[in-house]
Amino acid sequence: MITGTTQLLGVIGYPVQHSLSPVMHNAAIAHIGANYVYLPFQVHPDDLERAIAGFAAIGLMGFNITIPHKQSIMPFLSEMSSTAQAIGAVNTVWRTPQGWAGTNTDVEGFLAPLSHRTNWSQAIAIVLGNGGAARAVVAGCASLGCAEICVVGRNRDKLNAFRASWADSPAINLSVYPWDALPTLLSNCTLLVNTTPLGMHPRIDESPVSPSDLERLPPEAIAYDLIYTPNPTLFLQRAKMRNLMAIDGLEMLVQQGAAALRIWLEQPVPVDIMRQSLKEQLR
Ligand code: NAP
């Protein structure tokens, strides 16, 4: 029940109507019985500064950030986690006495389904795509301690810019490749992550990896697709047919949300309820 003491949380984006976050967060809030409500806020890029000032004025406790504000929010924060700085994007903000603080929970979300394996020191990760989500995946693979991270993309200039953006992180062994190099890379791959929209609804009959290329993966390789609808994607269907471990994007979505809610509420959150609410919404 919303009362005079209910605290506000939310998500800003432009557009924001597609966001699944209100469903997931409000389901968790209701389950815990916390006196919060989580709302969608459509904020035009030109209005970002005014919106943030307005949020401070009305005492919003925190908010998520989706496209196109993940980078442009950064100048308005008084504090930023090292993860958000490394990725160059913020997806979670909370109020502090000094102003807004921000982090990026996508890395935590990405890593959650990989916790079964502890030793990544010999692992070779291949990341397909070099957009925003690929940055969180690279940061995640680096935090696992992967021996090598290979980023595959279709635009040479963007690939070089991507590599250059990690120059301040010498501990990360990152190389970039064009798509036609993929077949030769796959035979040593430990973790293959799709961060492109290939296979996403409505282009569900596409896959970033051909069946013959998938055959090149070692039997212990993990196939990970950040896409959560359809579930599984064609890429993961084929990986399962090869008996590879297949991880879909739903868990990352759930876990990045759970990590944000833990920051705001400062208590454990019902991850199962969040997962279930998302599955029902996607159905
Ligand atoms: P983005 O910034 O637009 O990046 C997309 C990347 O895919 C770019 O490198 C792009 O290449 C590449 N790409 C697009 N179409 C391609 C094609 N036909 N062939 C080859 N490469 C192609 O998007 P994003 O924010 O990183 O999101 C990427 C995907 O991850 C989406 O499907 C999104 O739903 C998913 N995602 C899931 C989660 C989760 O929680 N599960 C979180 C974030 C994102 P160019 O740069 O050359 O255009």
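Counting starts at 1 for both ligands and their atoms, following the listed order.
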Exercise. Which heavy atom of the protein is the closest neighbour of atom 27 (O) of ligand 1, given with residue, atom name and distance?
Worked result: A133 CB, 3.9 Å
Exercise. Any idea which protein heavy atom is nearest atom 9 (O) of ligand 1, and the distance to it?
Worked result: N130 N, 2.8 Å
For this session: State which residues pass salt bridge (charged side-chain N to carboxylate O under 4.0 Å, His left out) with R262; sequence neighbours excluded, sorted by chain then number.
Result: E108
Problem set entry | Under 3.5 Å: N/O of L226 near N/O of ligand 1 | yes
Problem set entry | Within 6.0 Å of CG in D46, more than 12 heavy atoms from elsewhere | yes
Exercise. So which bit of I227 gets within less than 4.0 Å of ligand 1, heavy atoms only: side chain, backbone, both or neither?
Worked result: side chain
Exercise. Is the closest side-chain heavy-atom distance between W100 and L60 below 4.5 Å?
Worked result: yes
Exercise. Which protein heavy atom lies closest to atom 32 (O) of ligand 1, and at what distance to 0.1 Å?
Worked result: M200 SD, 3.2 Å
Seminar exercise, completed: Closest heavy-atom pair, P68 versus S72, reported as atoms and distance to 0.1 Å, is O-OG, 3.5 Å
Exercise. Just by distance, do the side chain of Q255 and the backbone of M252 share a donor-acceptor pair under 3.5 Å?
Worked result: no
Exercise. Is the side chain of D248 donor-acceptor paired with the backbone N or O of P232 at a distance under 3.5 Å, no angle test?
Worked result: no
Exercise. Testing D106, V107, T105 for side chain to side chain contact (heavy atoms under 4.5 Å, CB included) with T103, which one passes?
Worked result: T105
Exercise. So, do L265 and I32 sit near enough that their side-chain heavy atoms are less than 4.5 Å apart?
Worked result: yes
Exercise. Is the closest heavy atom of F110 to ligand 1 under 4.0 Å?
Worked result: no
Exercise. For ligand 1, which atoms have a heavy atom of N155 less than 4.0 angstrom away?
Worked result: 47 (O)
Exercise. Does the protein place any heavy atom closer than 4.0 Å to atom 40 (O) of ligand 1?
Worked result: yes
For this session: Using non-hydrogen atoms of the residue, decide whether L198 is closer than 4.0 angstrom to ligand 1.
Result: yes
Problem set entry | Heavy-atom check, side chain of L198 versus side chain of F235, under 4.5 Å | no
Problem set entry | For atom 12 (C) of ligand 1, the option (of T195, T196, L250, T229) bearing the nearest heavy atom | T196
Seminar exercise, completed: Heavy-atom proximity to atom 13 (N) of ligand 1, picking from A89, G129, P197, points to P197
Problem set entry | By side chain to side chain contact (heavy atoms under 4.5 Å, CB included) - contacts of E79 (at least two apart) | T96, A101
For this session: For atom 4 (O) of ligand 1, find the nearest protein heavy atom and state the residue, atom name and distance (0.1 Å precision).
Result: G131 CA, 3.3 Å
Exercise. Can you tell me which residue and heavy atom of the protein come closest to atom 2 (O) of ligand 1, and the distance to 0.1 Å?
Worked result: G132 N, 2.9 Å
Exercise. Quick check: does any side chain N or O of N130 sit under 3.5 Å from a backbone N or O of L159, one acting as donor and the other as acceptor?
Worked result: no
Exercise. Nearest protein heavy atom to atom 48 (O) of ligand 1, by residue and atom, and its distance?
Worked result: R154 NH2, 2.9 Å
Problem set entry | Closest protein heavy atom to atom 42 (C) of ligand 1, given as residue, atom name and distance to 0.1 Å | M252 CE, 3.8 Å
Exercise. Any nitrogen or oxygen of K158, main chain or side chain, under 3.5 Å from a nitrogen or oxygen of ligand 1?
Worked result: yes
For this session: Taking only heavy atoms of G249 into account, list the atoms of ligand 1 that are under 4.0 Å away from them.
Result: 39 (C), 41 (N)
Exercise. For D106, is at least one N or O under 3.5 Å away from an N or O on ligand 1?
Worked result: no
For this session: Take F63 and F41 through the ring-ring contact (aromatic ring centres under 6.0 Å, His included) test and state the conclusion after the steps.
Result: CA-CA 10 Å; F63 54 97; F41 297 109; 8.2 Å; no
Problem set entry | 4.0 Å protein heavy-atom contact status of atom 23 (O) of ligand 1, strictly under | no
